[in-house]
Amino acid sequence: MLADLADPADFGNEQDWAFEMKWDGVRVVAYLEGSSVELLSRSGLDITASYPEVADALQSIKVDSAVLDGEIVAVDRNGRPSFALLQSRINLTRPGDVQKARAAVPVQLMLFDLMELDGRSLIKAPYEQRHALLSELVATADHPRVQVPPQFEGDLVAALAVSEQLNLEGVVAKRLGSLYLPGGRGRTWLKIKHQRMQEVVIGGWRDGRGRRGGGIGSLLMAVPESGRLRYVGRVGTGFTDVDLDQIADRLEPLARATCPLVDVPSIDARDAHWVEPVLVGEVACSGWTRQRRIWQPTWRGWRPDKRPDDVRVEHPEDAPTPATNQLSRRAPDELR
DNA sequence: TACAAAAAGTTGGCTTGGTAG
DNA sequence: CTACCAAGCC
DNA sequence: AACTTTTTGTA
């Protein structure tokens, strides 16, 4: 079951909803059967071997069989969940790598739903009942690595405040009395994300492929820094087909042969078309990555009232916490 | 027929792993 | 060893 | 993840 995107304005009566943190990690469905545990990712892959301590912790739950829903989270030294940290544990397959990663980046499982208990499906049971049974069940484990995080019933403002303080992505609202809809987005789970606006200088574009073939695929963004323009990634979503055509008309006369930006990785410069960096646009985003790129940018439109020198970075210090990745076989410099 | 829901198709960053040269 | 691509996660 | 467009389903 997935959550649809929503705004705080979408909530007429907050009393109809329970609010939970939107944990910034990896979604898992856990299958408990006797003494065996199986963790499945969102795409249905078995990821049990990647998180052995989670599987161990789940085994301490006293139950014959159960199917649980939750999010695996890595916590930084300030105690805040960090997806950047967790990424070093995703896709590890060799047992040796997993062991090293397990020591360097501990994870825990935040459980928020219960779909099956002792062979009885709870999919058609109301949310409150599923959650109550889940809490009872996990209490039998008393293991710090498996938790049922608190709810904020009927108080979106409080939930959003906590979410922001923990540096989380946002809040998930769950409609009271609603059923579990496997694989579905039914407007009974809604996610409210902390979004920021960021002005960016457009320094070029990249060709589109497939249905975007012959036109623009994405725009290359930059931000003024130390008197130069620093590359901050690409934006490839948020525009309509018409938008893309109009953007192409505007950029083509500005084409130039040389790269006007600094800090462009060769992999990104390879297939770029550069333009005079004179136009300013606006994107919505979820923040900044460790490599100082814009995280999850979506196009919002031009800012004809702004010049490149007017562009400021709002909160560069809010970048996800550094990953202390001692496991990479690549040069540590790349992670700096 | 009109609207809503679902599916398909495009794009982003990051990390690992594989292949070609 | 670098370059490039694909598959995962978001 | 995001978003848009297209297809499918339903009222």
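Values below: all heavy atoms of this structure, side chains included; hydrogens, waters and symmetry mates excluded. Below, chains carry the letters A, B, ... as their sequence lines are ordered, and counting in each starts from 1.
The closest donor-acceptor contact from the side chain of A:Ser218 to the backbone of A:Arg206 lies at 3.5 Å or more, if one exists at all. Under the 3.5 Å distance criterion, the side-chain polar atoms of A:Gln59 are matched with a main-chain donor or acceptor of A:Ser35. Between the side chain of A:Lys22 and the main chain of A:Glu169, no donor-acceptor pair closer than 3.5 Å is present.
For the pair A:Asp97 CG and B:dG17 C1', the interatomic distance rounds to 11 Å; values are reported in whole Å. Per the geometry, CD belonging to A:Gln195 stands 18 Å off P belonging to B:dG12, to the nearest Å. Computed from coordinates, the A:Gln87 CD to B:dC14 C1' distance equals 4 Å when rounded to whole Å. Look at NZ on A:Lys22: it is 7 Å from P on D:dA2, rounded to the nearest Å. Atom CD1 of A:Ile247 is separated from atom P of D:dT4 by 12 Å (rounded to the nearest Å). The CD1-C1' distance, from A:Ile216 to D:dT4, rounds to 16 Å in whole Å. When the C1' atom of B:dG12 is taken as reference, atom CH2 of A:Trp295 falls 9 Å away, rounded to whole Å. At whole-Å resolution of the value, CZ in A:Arg292 and C1' in B:dG13 are 16 Å apart.
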When you compare the protein's N or O atoms with those of nucleotides 5-11 of chain D, which come within less than 3.5 Å of each other, and at what distance?
{"residue": "D:dT5", "atom": "OP1", "partner": "A:Asp241", "partner atom": "N", "Å": "3.1"}
{"residue": "D:dT5", "atom": "O3'", "partner": "A:Arg211", "partner atom": "NH2", "Å": "3.1"}

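A:Arg293 has no side-chain polar atom (N or O) that falls below the 4.0 Å cut-off from OP1 or OP2 of B:dG12. The side chain of A:Arg209 contributes no N or O atom lying less than 4.0 Å from OP1 or OP2 of B:dG12. Checking the phosphate oxygens (OP1, OP2) of B:dT11, no side-chain nitrogen or oxygen of A:Arg234 falls inside 4.0 Å. For B:dT11, neither phosphate oxygen OP1 nor OP2 lies less than 4.0 angstrom from any side-chain nitrogen or oxygen of A:Ser218. Between A:Arg94 and B:dT16, a side-chain N or O to OP1/OP2 separation shorter than 4.0 Å is absent. OP1 or OP2 of C:dC9 sits under 4.0 Å from a side-chain N or O of A:Ser43. OP1 and OP2 of D:dC3 both lie 4.0 Å or more from every side-chain N or O belonging to A:Gln296.
A distance of about 22 Å separates the C1' atoms of B:dA6 and C:dC10, rounded to the whole Å.
The residues A:Arg303 and A:Asp305 are annotated as salt-bridged, a charged nitrogen and a carboxylate oxygen being separated by less than 4.0 angstrom. At a threshold of 4.0 Å, the pair A:Glu225-A:Arg230 counts as salt-bridged, since one of the basic side-chain nitrogens sits closer than that to a carboxylate oxygen. A salt bridge is absent between A:Arg293 and A:Asp263: the closest approach of a Lys/Arg side-chain nitrogen to an acidic carboxylate oxygen does not fall below 4.0 angstrom. A salt bridge links A:Arg89 to A:Glu53: one of the charged nitrogens lies within less than 4.0 Å of a carboxylate oxygen. Here A:Lys174 pairs with A:Glu20 in a salt bridge; the nearest charged N to carboxylate O distance falls below 4.0 Å.
The residue among A:Asn91 and A:Val235 whose nearest nucleotide of DNA chain B lies closer to the 5′ end is A:Val235.
Backbone-only contact: A:Gly208 has heavy atoms under 4.0 Å from sugar-phosphate atoms and none from a base. Within 4.0 Å (heavy atoms only), A:Ser286 reaches no atom of the nucleic acid at all. At the heavy-atom level, A:Gly186 lies nowhere under 4.0 Å from the strands shown. If you check every strand for non-hydrogen atoms under 4.0 Å, A:Lys193 touches sugar and phosphate atoms only. Nucleic acid contact for A:Leu45: sugar-phosphate only, since backbone atoms but no base atoms lie under 4.0 Å from a heavy atom of the residue.
For A:Gln291, taking side-chain heavy atoms from C-beta onward, the closest of the listed nucleotides B:dT15, D:dC3, B:dT11 is B:dT15. For A:Glu169, taking side-chain heavy atoms from C-beta onward, the closest of the listed nucleotides C:dC5, B:dT10, C:dC10 is C:dC10.
In this model, no side-chain donor or acceptor of A:Thr298 finds a partner on the base of D:dA2 within 3.5 Å.
Residues A:Asp113 and A:His131 have side chains that never bring a donor and an acceptor to within less than 3.5 angstrom of each other.
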